[in-house]
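Position 1 is the first residue of the sequence, and the numbers go up from there.
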Amino acid sequence: MFIAGYVFKPVHDEIHFMKNEKIDGRKKYGSNFTTDKSQAHQFKSVDQFKGQLETFLTKANTDEDHYNFTLAYLELDSGNVTKILTC
């Protein structure tokens, strides 16, 4: 199982996790993301979140000069965090 989201920069450790299975672009941060692991949506595979997060972060990075929003996810069984820098 995985919980997924993003960090503001690749060197940051605080992950902003997805609260729901899908990101709702009509809603603000608080409806879509949380830093509280207990509120994060759990995914069975990376494929369930990777595509939509890449799309969301690519769009967010287009208009951003200071941050480099980076996809990040936590594998719950191992505790390993993975960051994907391609967004």
Side-chain angles (χ1 to χ4, degrees):
M1 298 293 279
F2 303 89
I3 52 178
Y6 66 91
V7 292
F8 283 100
K9 293 182 178 181
V11 296
H12 289 183
D13 293 322
E14 183 176 56
I15 301 173
H16 300 260
F17 298 105
M18 293 174 62
K19 283 180 148 181
N20 306 299
E21 185 177 358
K22 302 283 184 196
I23 298 169
D24 186 343
R26 301 168 296 167
K27 295 185 179 178
K28 297 196 183 269
Y29 173 90
S31 296
N32 285 304
F33 297 98
T34 181
T35 55
D36 184 345
K37 293 176 191 173
S38 69
Q39 293 180 7
H41 181 79
Q42 294 185 10
F43 297 92
K44 293 181 182 177
S45 74
V46 173
D47 291 337
Q48 289 182 309
F49 59 80
K50 187 177 178 198
Q52 69 172 314
L53 266 173
E54 285 177 334
T55 300
F56 176 79
L57 295 173
T58 297
K59 189 180 288 185
N61 279 327
T62 299
D63 297 324
E64 182 55 52
D65 294 327
H66 182 70
Y67 294 112
N68 180 16
F69 298 113
T70 304
L71 192 154
Y73 62 89
L74 172 67
E75 185 176 358
L76 294 174
D77 291 339
S78 68
N80 291 335
V81 171
T82 301
K83 295 177 184 176
I84 300 176
L85 306 174
T86 58
C87 300

* Asked: Is Lys59 atom NZ crowded by more than 12 heavy atoms from other residues, nucleotides or ligands, each under 6.0 Å away?
  -> no
* Stepwise side chain to side chain contact (heavy atoms under 4.5 Å, CB included) test for Asp13 and Lys83 -> CA-CA 10 Å; Asp13 293 322; Lys83 295 177 184 176; 3.9 Å; yes
* Asked: Side chain of Asn80, backbone of Glu75: donor and acceptor closer than 3.5 Å?
  -> no
* Heavy-atom closest contact (Glu14 atom, Val7 atom, distance) -> O-CG1, 3.3 Å
* Do side-chain atoms of Asn20 reach the backbone of Lys22 as a donor and acceptor pair under 3.5 angstrom? -> no
* To do: Taking all heavy atoms of Gln39 and all of Thr34, pick out the closest pair and write down the distance.
  => OE1-OG1, 3.1 Å
* Asked: For the side chain of Gln52 and the backbone of Glu21, is there at least one donor-acceptor N/O pair under 3.5 Å apart?
  -> yes
* Heavy-atom donor-acceptor pair, Lys37 side chain to Ile3 backbone, under 3.5 Å -> no
* Asked: Does the Asn61 side chain pair with the main chain of Thr70, one donor and one acceptor, at a distance under 3.5 Å?
  -> no
* Asked: With side chains defined as the heavy atoms from C-beta onward, is the minimum distance between Phe8 and His66 less than 4.5 Å?
  -> no
* Drop me the distance from Leu53's CG to Ile23's CD1, to the nearest 0.5 angstrom. => 4.5 Å
* On the 0 to 90° scale, with breaks at 30° and 60°, tag the Phe56-Phe33 ring pair as parallel, tilted or perpendicular. => tilted
* If we ignore angles and hydrogens, is there a donor and acceptor under 3.5 Å between the side chains of Asp47 and Ser45? -> no
* Structure fact -> Correct closest heavy-atom pair for His41 and Lys19 would be CB-O, 3.5 Å
* Do Leu57 and Val46 sit in the same hydrophobic cluster, where Ile, Leu, Val, Met, Phe, Trp and Tyr count as joined when their side-chain heavy atoms come under 4.5 Å apart? -> yes
* Using 30° and 60° as the class limits, which term best fits the ring planes of Tyr73 and Phe2: parallel, tilted or perpendicular? -> perpendicular
* Name the one of Tyr67, Phe69, Phe17 that satisfies side chain to side chain contact (heavy atoms under 4.5 Å, CB included) with Tyr6? -> Phe69
* Check the hydrophobic clustering (I, L, V, M, F, W, Y; side-chain heavy atoms under 4.5 Å; chains of links allowed) and say if Ile15 and Phe43 are grouped together. => no
* **Interatomic spacing from CE in Met18 to CG in Asn32 - rounded to 0.5 Å** => 7.5 Å
* **Flag, side chain of Asn68 to backbone of Pro10, donor-acceptor distance under 3.5 Å** => no
